[in-house]
Number of protein chains: 2
Amino acid sequence: MAERLRQDDRRRQLIGIGLEILATKPIHALSVDEVAARAGISRGLLFHYFATKQDYYAAVVRAAARRLLTAAQAGPEVAPDRQLRSTVAAYVGFVVRHREPYLAFFRGGAGADPQIQAIYEEVRDALTDRALAATGLPASPVTRLAVRGWWSLVESLAVDHSGERAPAVASEALVSYAVDALPGLLAGLDRLTAPAI
Amino acid sequence: MAERLRQDDRRRQLIGIGLEILATKPIHALSVDEVAARAGISRGLLFHYFATKQDYYAAVVRAAARRLLTAAQAGPEVAPDRQLRSTVAAYVGFVVRHREPYLAFFRGGAGADPQIQAIYEEVRDALTDRALAATGLPASPVTRLAVRGWWSLVESLAVDHSGERAPAVASEALVSYAVDALPGLLAGLDRLTAPAI
DNA sequence: GGCCTTGTTGAGCAGTGCTCGACAAGATAG
DNA sequence: CTATCTTGTCGAGCACTGCTCAACAAGGCC
């Protein structure tokens, strides 16, 4: 019989195991038995904590998202005009350090699952909010559209950059490039809101 | 007994069925039986054509990718300086017209599967090549990095825009914005290639 | 000590991906 | 027209997996 744990501890343990395993293999390749065996518990108990395998996966991805959002956070000690750079630098650093898990959780994930989609949406929204706050611009639908797009650009840069074995550019330079790209993208919005012809 | 078809025809039929079904539900929710039933054949025959369910899915995604690349193609009659705009307009139009399938195949897909990843990579590369050719810039690793990132931006814009029930901006304006964003992003590259400090 | 809560088990069901040996419809040759 | 070969097709069956459920055991409380 497995050691008896408190609800919270057991949940944390199971999610931790998920973070480990699912960083290197997709959900459909992970059987509930494997998780249970690794935790030293029975299959049934896993379903006591997570009604569904999808629910379990969602909980794991949610934990990963929390880690990302925590990592990509500029501390309050950062000067206002360096907030954006600090956030982007932290984000890029996170992707570089945890490339495989990042891809597994935020690219590979069963994107069709509405739960997972919701998590992705939350992360995007949170990052967009931070960037918007750092620029000081009002959060109109159009500015949000542009900033979300800019984050996609940043993600692409970070992922590609983290995949190079001999990076073409230094991480700091990449961050500078990404940060400097945002004002131009926002300036171009004038044409969108006031459509000429 | 099912009508006897030629190899090519049967494959085409099965892939067509996949394009229909998988546009609205994820693979793991699609059973081989359902495909077989819809095609009026036995389960076994499906595995004769596609050794694995994953192989089948990959074939379907490949077909979807081919459709996307065909749609997002500027005809030879387009003037050189309009090629980029034409390509982007076609791409955005495709996403707007086929939003659900687009998300299902190019976002939802089992991203962990190396076959699927390879297809995504091919699409990205092909689109990047077209954009680079249209700008006339040399295809260095750094310009590719930037153009790939720009395509991510464009995809984000297109997906977000196609999801709005009352679009904040007209599609043409969005295309203009996207196209006009590229030169600025490429100009900023100077700082990357010649790092100061 | 008795009892309620709660963490835990293990057998078992339904469904799914995949294999495999056999069969049948056309094409080809004699 | 028959014999043979190719090739598209079937369906039973295996192994496994997600999930259910009734029973059990370890604390905590009175």
Side-chain angles (χ1 to χ4, degrees), chain A residues 1-22 24-62 108-116, chain B residues 1-22 24-62 108-116:
Chain A
M1 194 111 151
E3 187 189 3
R4 192 186 171 96
L5 294 187
R6 281 195 237 147
Q7 276 226 35
D8 288 0
D9 294 338
R10 185 63 82 194
R11 277 188 71 96
R12 248 190 293 276
Q13 178 204 22
L14 293 173
I15 290 178
I17 291 175
L19 284 169
E20 276 180 33
I21 303 185
L22 291 169
T24 59
K25 74 162 98 169
I27 342 121
H28 69 261
L30 171 65
S31 74
V32 175
D33 282 302
E34 188 176 338
V35 180
R38 196 123 148 191
I41 63 172
S42 70
R43 223 174 320 159
L45 189 55
L46 188 58
F47 285 104
H48 174 70
Y49 288 98
F50 306 96
T52 274
K53 193 190 182 187
Q54 292 285 344
D55 287 346
Y56 174 61
Y57 183 64
V60 173
V61 174
R62 214 170 285 128
D113 187 328
Q115 286 188 84
I116 306 294
Chain B
M1 195 111 152
E3 188 189 1
R4 192 186 172 96
L5 294 186
R6 279 194 239 147
Q7 276 227 36
D8 289 0
D9 293 338
R10 186 63 81 194
R11 276 187 71 95
R12 248 190 293 276
Q13 178 204 21
L14 293 173
I15 289 177
I17 291 175
L19 285 170
E20 276 180 33
I21 303 184
L22 291 169
T24 59
K25 73 161 98 169
I27 343 119
H28 70 262
L30 171 64
S31 73
V32 175
D33 282 302
E34 187 177 341
V35 181
R38 195 123 148 190
I41 63 173
S42 71
R43 223 173 321 159
L45 187 56
L46 188 58
F47 286 103
H48 174 71
Y49 287 98
F50 305 96
T52 272
K53 194 190 180 186
Q54 292 285 345
D55 287 346
Y56 173 61
Y57 183 63
V60 173
V61 174
R62 215 170 285 129
D113 187 328
Q115 286 188 84
I116 306 293

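All values below were derived from every heavy atom in this structure, side-chain atoms included, with hydrogens, water molecules and symmetry-related copies excluded. Sequence lines set the chain letters: A, B, ... in the order given, protein chains first and strands last, and positions in each chain run from 1.
S31(B) places a side-chain N or O within donor-acceptor distance of the main-chain N or O of E34(B), the cut-off being under 3.5 Å. Y57(A) places no side-chain N or O within donor-acceptor distance of the main-chain N or O of L22(A), the cut-off being under 3.5 Å.
Within 4.0 Å of E34(B), counting heavy atoms only, lies no atom of the nucleic acid at all. When heavy atoms are screened at a 4.0 angstrom cut-off, R10(B) is found touching the sugar-phosphate backbone but no base atom. Across all strands shown, L30(B) has heavy atoms under 4.0 Å from sugar-phosphate atoms exclusively, and none from any base.
Atom NE2 of H28(B) and atom C1' of dC19(D) are 15 Å apart (whole Å). Computed from coordinates, the R4(A) CZ to dG7(C) C1' distance equals 4 Å when rounded to whole Å. Put simply, CD1 on I41(B) is 17 Å from P on dA25(C), counting in whole angstrom units. In this structure, D55(B) places its CG atom 13 Å from C1' of dG17(C), rounding to the nearest Å. Rounded to an integer number of Å, the gap from L5(A) CG to dG27(D) C1' is 14 Å. Atom CG of L45(B) is separated from atom P of dC20(C) by 17 Å (rounded to the nearest Å). Atom-to-atom, CG of L14(A) to C1' of dT8(C) comes out at 12 Å; the value is rounded to the nearest Å. Separating the NZ atom of K53(B) from the P atom of dG15(C) is a distance of 15 Å, rounded to the nearest angstrom.
Place A51(A) and D33(A) on DNA chain D by their nearest nucleotides, and D33(A) ends up nearer the 5' end.
For dG18(D), neither phosphate oxygen OP1 nor OP2 lies less than 4.0 angstrom from any side-chain nitrogen or oxygen of T52(A). Neither OP1 nor OP2 of dG15(C) sits under 4.0 Å from any side-chain N or O of S31(B). The phosphate of dG7(C) (OP1 or OP2) has a side-chain N or O of Q7(A) nearer than 4.0 angstrom. Of the side-chain N and O atoms in Y49(A), one or more sit less than 4.0 angstrom from OP1 or OP2 of dT8(C).
The base of dT17(D) lies outside donor-acceptor range of the side chain of R43(A), with no N or O pair under 3.5 Å.
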**From CA spacing to verdict: salt bridge (charged side-chain N to carboxylate O under 4.0 Å, His left out), D8(A), R11(A)** = CA-CA 5 Å; D8(A) 288 0; R11(A) 277 188 71 96; over 6 Å; no
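Comparing atom distances between the H48(B) side chain and each of dG8(D), dG18(D), dT9(C) picks out dG8(D) as nearest.
Taking CD1 of I41(A) as the reference point, atom CZ of R4(A) lies at 13.5 Å (rounded to 0.5 Å). Between L5(A) atom CG and L45(A) atom CG the span is 9.0 Å, to the nearest 0.5 Å.
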